[in-house]
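In the text below, chain A, chain B and the rest are named by the order of the sequence lines, each starting its count at 1.
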Amino acid sequence: MEFEGTFTIEEVSTEEVWLALSDPFLIKQCLPGCQFLTRVEDPDDVDFEALGEQEPDEDPPTLPEAAPEDISDRAFEEGGHYAALMQIGVGSVKPTFRTVVTIDEREFPAMNASGEGSATDSSFEMSSGMTLVETDGGVDIEWEAEADVFGKIAQMGQRVISPVANRVVSRFFGSVEDRLTEVAKEDDSEGLRDRVRNLL
Amino acid sequence: MAEHEITLTVNGTDHELTVESRELLVHALREELGYTGLNVGCESTMCGACTVHLDGDAVKSCTVLAAQADGQEVTTVEGLAEGGEFHPIQEGFQEEHGLQCGYCTPGMMMTATQLLEENPDPNDEEIRDALEGNLCRCTGYQNIVNAVENAAEKMGASTQGDD
Amino acid sequence: MTEMSVESVDPDDVDAADILGSAIERREDPALLTGDAEYTDDIQLPQMTHMAVKRSQHAHATIEGIDTSAAEAMDDVVAVYTAEDIDVPGNLPTGWLLDTLNQVDHPILADDRVRYQGDAIAVVIAEERYAAHDAVDAIDVDCERLEAVTSPREALDTAPDLHDDAPGNTAFEWEIGDAEKTSAAFESASHTASIDLENQLIIPNAMEPRAAVADYNPSTEELEVAMTTQNPHLHRLLMSGVIDHPEHKLQIRAPDVGGGFGSKIHHYADEALAAWTAKQVERPVKWVATRTETYLTDAQGRGHETHGEIAMDDDGTIVGLKVETEANLGAYLSTFAPAVPTYLYGTLLSGQYDIPAIHCEVTGAFTNVPPVDAYRGAGRPEASYVVERLIHLAAKKMEMDPAEFRRQNFVPDDAFPYETQVAVAYDSGEYEKTLDRALEMLDYEDFRERQREAREEGRYLGVGFSAYIEACGLAPSELAGQLGAQAGLWESSLVRFQPSGTVTAYCGTSGHGQGHDTTYAQIVANELGIDYEDVDVVEGDTDEIPQGMGTYGSRSAAVGGSALVKSSQKVVEKARSIAAHQLEASEADIDFENGEFHVTGAPDRSMHITEVAEQAYLAHNMPDETEPGLEATSFYDPDNFVFPFGMHAAIVEIDPDTGEIEFERYVAVDDVGNQINPKIVEGQIHGGVAQGIGQALYEAAEYDENGQLLTGSMQDYAVPKAEHIPEMETDSTVTPSPHNPLGVKGVGEAGTIAAPQAVVNAVVDALEPFGVDHIDMPLKDEKVWRAIHENGGEN
């Protein structure tokens with residue numbers, strides 16, 4: 001199944017969007033149903049139960065509160081593997097997917113990632129790409145994803161899955177937009193913007 | 001899992017039973033109470049083999065939790081005949097060869113009887129529309145439509161007789 | 001609307017002498033209408049456990065590990081089993097071999113590899129149904145996904161091998177007919193037409209999902225399995241080998257069975273697992289498929305990719321036909337799978353036509369879909385579809401009326417028995433009769449006029465014909481054996497008088513909606529000259545019925561019914577000798593009529609057969625050497641297949657703006673030989689046509705490129721609803737089968753064989769102004785719309 005779209009955020013800079021989308025904690029918070037998102041060393045040997053237990057009770061600050069330098073330190077790295085636990089409602093079922101994602105390419109302003117997730121009776125494999133394009137009033141996030149789904153959710157067919165995928169994506173970018181809008185509102189936003197730009 | 005004490009009146013007989021929250025009405029009727037006339041054909045509310053009347057309305061008992069039906073009156077296919085006499089819809093199905101393997105038939109008749117209550121003289125198209133939620137793989141539906149028309153005639157005649 | 005419906009009658013209103021051939025109401029209906037029927041899932045046994053199956057979510061993968069610990073630790077879980085626990089052969093065999101067949105293992109639980117989505121990996125036995133399904137969800141299977149393939153052509157061309165024993169995914173290569181003669185015919189032909197078509201995979205969709213309840217008695221070692229079966233004895237034989245349980249200690253019983261359409265012929269893993277686990281846990285085990293499980297695991301039907309060509313001489317006489325087919329067999333060889341796209345397909349490619357040269361090649365392919373096997377019609381619908389689509393195109397090529405093109409090429413009435421070029425001999429047929437009757441019912445000339453007028457108004461009407469023939473009544477055992485059957489295809493019966501004059505008739509077929517209790521009682525009552533109500537019919541239990549081969553291939557009336565006639569006749573002969581003895585006459589002088597034996601020329605000296613029955617059990621006064629009792633067992637092995645035929649025709653109107661197809665008429669004129677019960681015959685035609693229309697317009701098992709089923713529930717797989725099926729106008733002609741004692745031909749599959757091409761031909765006829773020659777089934781609105789518009793509108 002292939003999906004693609006463009007999400008526009010007004011009054012932000014490419015660098016700010018890039019920084020936001022580089023932060024595993026922000027991504028976790030913006031992804032509906034994501035219980036954790038953690039860097040792992042070996043993608044083939046991930047103990048999700050242990051990772052779930054290790055999760056800190058409280059995340060460090062993310063945008064707009066976080067210092068850009070801190071985000072930069074923990075940002076996704078090309079070649080890095082990340083484990084996530086995601087619960088997604090699909091029709092009448094709500095499988096929890098143990099997911100491992102690898103950042104295949106990451107070079108401002110574009111990032112490609114691929115991964116797979118498995119639940120009790122369903123699983124998926126996906127690859128995705130994203131490019132940020134500066135526009136007159138803000139930034140267009142052009143994204144595309146190709147996913148193969150297996151098991152129970154596959155039987156529900158595109159009829160059910162497409163709306164679910166669209167819902168997850170729009171909620172995700174919606175949350176990211178909310179954060180960035182707050183960044184823009186911050187009094188010292190110009191200072192923040194400079195610091196972000198300098199980081200790149 | 002939470003359990004519920006519920007009461008169901010099935011074909012006029014009161015039953016008290018304990019069900020899990022997630023237990024479907026169809027399973028409570030079939031497995032707890034032994035009303036095996038209704039059947040399970042799918043889990044997607046599409047086939048209608050499990051249709052019963054719940055407080056007079058035809059519903060698919062695979063979409064209703066047993067706990068939701070607490071205190072309600074259920075009529076199953078076992079409750080159609082009275083005093084050993086077939087209901088006109090049963091006579092209609094028999095006379096018109098409206099059934100083959102019989103698996104969909106109980107649900108089909110429960111939907112049809114509700115149709116006939118609301119519309120005592122339905123035409124072919126109205127019958128086919130009303131049976132939209134009941135699938136049959138054997139008959140090609142034609143003799144089911146004839147069976148419903150047959151029952152409508154019988155019921156119409158008996159109503160006239162009563163007047 | 002033309003009212004052609006058969007009126008049914010109360011059996012009490014029928015004279016005993018007229019019972020055979022009367023449209024009496026069915027005796028099985030009262031139980032089915034009141035909830036008294038007992039389907040497999042209705043069975044509750046003390047201490048019964050529930051089985052659920054962990055299935056592969058991938059269509060093709062290696063199994064790296066299975067962790068059942070969480071499932072085993074759950075409350076209410078009795079046991080969990082995987083392949084390594086299976087201590088019996090556990091390999092599902094195929095019952096039909098071909099010379100070139102590559103046989104492959106088909107384990108009841110996958111050990112190191114899964115080959116279709118739904119392949120069984122583990123089973124849970126739990127105290128109740130919900131707990132069993134919960135525990136299945138807790139089983140963790142570590143899989144390495146492999147590339148999957150669902151198209152037979154791709155499987156043969158490019159895909160990785162599914163089985164080590166089947167290189168290139170080739171299950172078999174098979175041919176029939178004469179290649180050289182056919183090539184020569186094409187070379188000398190004046191005109192040819194060709195087609196590339198797909199006959200899509202269909203999910204059978206019996207309304208009752210498959211189910212089994214197994215109960216084992218460790219003291220007696222008796223294992224009783226009540227299950228959804230069309231052939232209990234066959235299941236007993238196969239299961240006894242699969243789970244290594246002696247056949248005489250295994251009872252297979254078919255309770256009421258809610259439809260089959262072929263899907264309950266085959267031996268699947270699940271029923272074997274229910275039986276095997278019942279022995280392991282020494283408690284009854286119930287397994288009931290969910291609808292999604294039936295979609296994932298019931299053997300599917302059709303699945304052909306075909307190229308066909310037809311050649312004609314100058315005046316439109318057919319001179320040759322050639323067909324190449326890649327047949328999808330799915331992931332493993334199901335019970336009768338190799339027979340379906342070969343001997344049940346290639347042998348029917350002459351249709352109703354006198355075709356002097358035919359050649360057909362079929363390659364069977366393994367793919368990552370569920371096993372593909374017999375589905376109502378099994379091979380014959382695929383054959384009839386190719387032939388009748390080619391005939392349509394040939395008539396168009398010749399600029400001839402399609403009805404008259406058919407008439408010109410029919411096997412003439414005086415040519416029977418007719419040997420086709422594809423190894424079968426049609427015993428009887430009068431094809432013009434059904435054509436003429438259909439044309440009359442359609443008011444054909446008038447229709448063509450209306451069609452012309454409608455086109456001028458921008459309305460698109462079309463008529464499609466389907467002159468079908470099938471070979472059914474499976475089958476002469478010796479012939480079947482020569483062709484690869486690993487079983488005989490006779491049928492067995494026992495007819496037994498009780499001392500009081502009632503009769504129980506046992507037959508090895510196993511009805512599941514066809515009304516056998518009624519029709520068999522009509523047959524036996526007629527043969528014995530006793531009241532219909534005095535005959536009870538028993539089917540579907542290996543402990544009660546001596547032997548049997550089951551119900552499929554439209555064989556029950558032709559083969560099972562004939563077996564009952566044979567046993568009844570043996571009973572009459574024995575009764576005749578007893579009557580002769582007691583009436584003090586020679587047997588040769590005893591006439592039998594309407595149940596009465598009397599001495600020729602002395603009607604007063606008579607005994608009714610029920611009196612003879614009483615005497616036979618009293619045994620006070622029997623002829624020498626005659627055993628007491630009055631019963632007989634028979635095995636009837638037919639001399640030939642039977643060949644029902646007919647003409648179906650559809651008239652449709654297409655909305656070119658939406659592609660929507662609306663039926664104006666559907667006419668079916670069938671010749672199924674003598675009819676034992678015309679109302680039941682009509683019902684079989686209706687149901688068969690509905691399934692054929694379902695395939696033509698709505699149904700398809702669809703997979704994505706990973707072999708994931710996209711139509712996995714009734715929300716996504718379109719089983720036709722009441723509003724989708726038109727009013728069918730049926731009529732029949734009667735050309736009795738010359739070789740069975742009832743003169744019957746079989747009716748169960750006729751409608752399904754006939755309908756698809758009647759509909760597709762009608763749609764293509766309607767779209768002729770748009771230059772549309774073919775659209776693959778199912779003809780969904782969007783596909784039809786696309787066909788209209790891809791050709792750039794009206795020519």
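Looking at heavy atoms from C-beta onward, C:Phe261 lies out of side-chain contact with B:Cys101 at the 4.5 angstrom threshold. When side chains are defined from C-beta on, B:Thr45 does not count as touching C:Met714, because their heavy atoms never get closer than 4.5 Å. The closest side-chain heavy-atom distance from B:Gln90 to C:Thr34 is below 4.5 Å. In this structure, the side chains of B:Phe93 and C:Asp29 stay at 4.5 Å or more apart for every pair of heavy atoms. The side-chain heavy atoms of C:Ile725 and B:Gln142, taken from C-beta on, include no pair separated by under 4.5 Å. Between C:Glu682 and B:His97 there is no side-chain heavy-atom pair separated by less than 4.5 Å. Looking only at side-chain heavy atoms (C-beta outward), C:Leu32 and B:Leu99 come within less than 4.5 Å of each other. For the pair C:Glu208 and B:Asn39, the minimum side-chain heavy-atom distance is 4.5 Å or more.
Separation of atoms OG1 (C:Thr228) and OH (B:Tyr103) is listed at 10.0 Å; rounding is to 0.5 Å. Between the NE2 atom in C:His686 and the CG atom in B:Asn143 there is a gap of 5.5 Å [rounded to 0.5 Å].
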| request: Tell me, with the steps shown, if B:Arg128 and C:Glu723 meet salt bridge (charged side-chain N to carboxylate O under 4.0 Å, His left out). | output: CA-CA 5 Å; B:Arg128 287 178 189 264; C:Glu723 65 199 275; over 6 Å; no

| field | Worked verdict on C:Asp42 versus B:Arg30 for side-chain contact (heavy atoms from CB on, under 4.5 Å) | value | CA-CA 8 Å; C:Asp42 297 345; B:Arg30 285 179 48 82; 2.8 Å; yes

| task | Evaluate side-chain contact (heavy atoms from CB on, under 4.5 Å) for C:Lys721 paired with B:Leu131, printing each intermediate quantity in order. | result | CA-CA 8 Å; C:Lys721 299 175 176 184; B:Leu131 296 177; over 6 Å; no

| request: Start with the C-alpha gap between B:Thr36 and C:Glu38, add the side-chain angles, then the distance that decides, and say whether side-chain contact (heavy atoms from CB on, under 4.5 Å) holds. | output: CA-CA 8 Å; B:Thr36 54; C:Glu38 186 189 58; over 6 Å; no

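Your options are C:Gly751, C:Ala206, C:Pro30, and the one with the most heavy-atom pairs under 4.5 Å with chain B is C:Pro30. Contact count against chain B (heavy-atom pairs under 4.5 Å) is highest for C:Gly683 among C:Ser8, C:Ala690, C:Gly683. The most heavy-atom pairs under 4.5 Å with chain C, out of B:Glu20, B:Met108, B:Glu23, come from B:Glu23. The choice from B:Glu78, B:Gln94, B:Met46 that makes the most heavy-atom pairs within less than 4.5 Å of chain C is B:Gln94. Here C:Met207 is the residue among C:Glu128, C:Gln514, C:Met207 with the most heavy-atom pairs under 4.5 Å with chain B. Contact count versus chain B (heavy atoms, under 4.5 Å) is highest, among C:Arg376, C:Arg129, C:His724, C:His512, for C:Arg129. Of the listed residues (C:Lys679, C:Glu7, C:Gln715, C:Arg26), the greatest number of heavy-atom pairs within a distance under 4.5 Å of chain B belongs to C:Arg26. The choice from B:Ala49, B:Gly37, B:Gly140 that makes the most heavy-atom pairs within less than 4.5 Å of chain C is B:Gly140. By number of non-hydrogen pairs under 4.5 angstrom with chain B, the leading residue of C:Ser713, C:Ala289, C:Pro209 is C:Pro209. Note on B:Glu31, B:Met109, B:His87: by heavy-atom pairs under 4.5 Å with chain C, the leading option is B:Glu31.
With salt bridges taken as basic N to acidic carboxylate O contacts below 4.0 Å, one links B:Arg137 and C:Glu699. Ion pair C:Asp134/B:Arg22 flagged as a salt bridge, since at least one NZ, NE, NH1 or NH2 atom sits closer than 4.0 Å to an Asp/Glu carboxylate oxygen.
Residue contact with chain C, scored on non-hydrogen atoms closer than 4.5 Å, is absent for B:Asn134. With a 4.5 angstrom heavy-atom cutoff, C:Pro726 touches chain B only via backbone atoms. Neither the backbone nor the side chain of B:Tyr35 comes within less than 4.5 Å of any heavy atom of chain C. Contact annotation for C:Val257: only backbone heavy atoms (N, CA, C, O) come within less than 4.5 Å of a heavy atom of chain B. In this structure, chain C has a heavy atom under 4.5 Å from the side chain of B:Thr105, while its backbone stays farther away. With a 4.5 angstrom heavy-atom cutoff, C:Thr292 touches chain B via backbone and side-chain atoms both. Both the backbone and the side chain of C:Val719 come within less than 4.5 Å of a heavy atom of chain B. At a 4.5 Å heavy-atom cutoff, the contact between C:Ile680 and chain B is made by backbone and side-chain atoms alike.
Centroid-to-centroid, the aromatic rings of C:Tyr130 and B:His27 come within less than 6.0 Å.
Side-chain contact annotation: B:Gln100 with C:Gln684, donor-acceptor N/O pair under 3.5 Å present.
Crowding of C:Gln44 atom CD: a count of heavy atoms from other residues, nucleotides or ligands under 6.0 Å exceeding 12.
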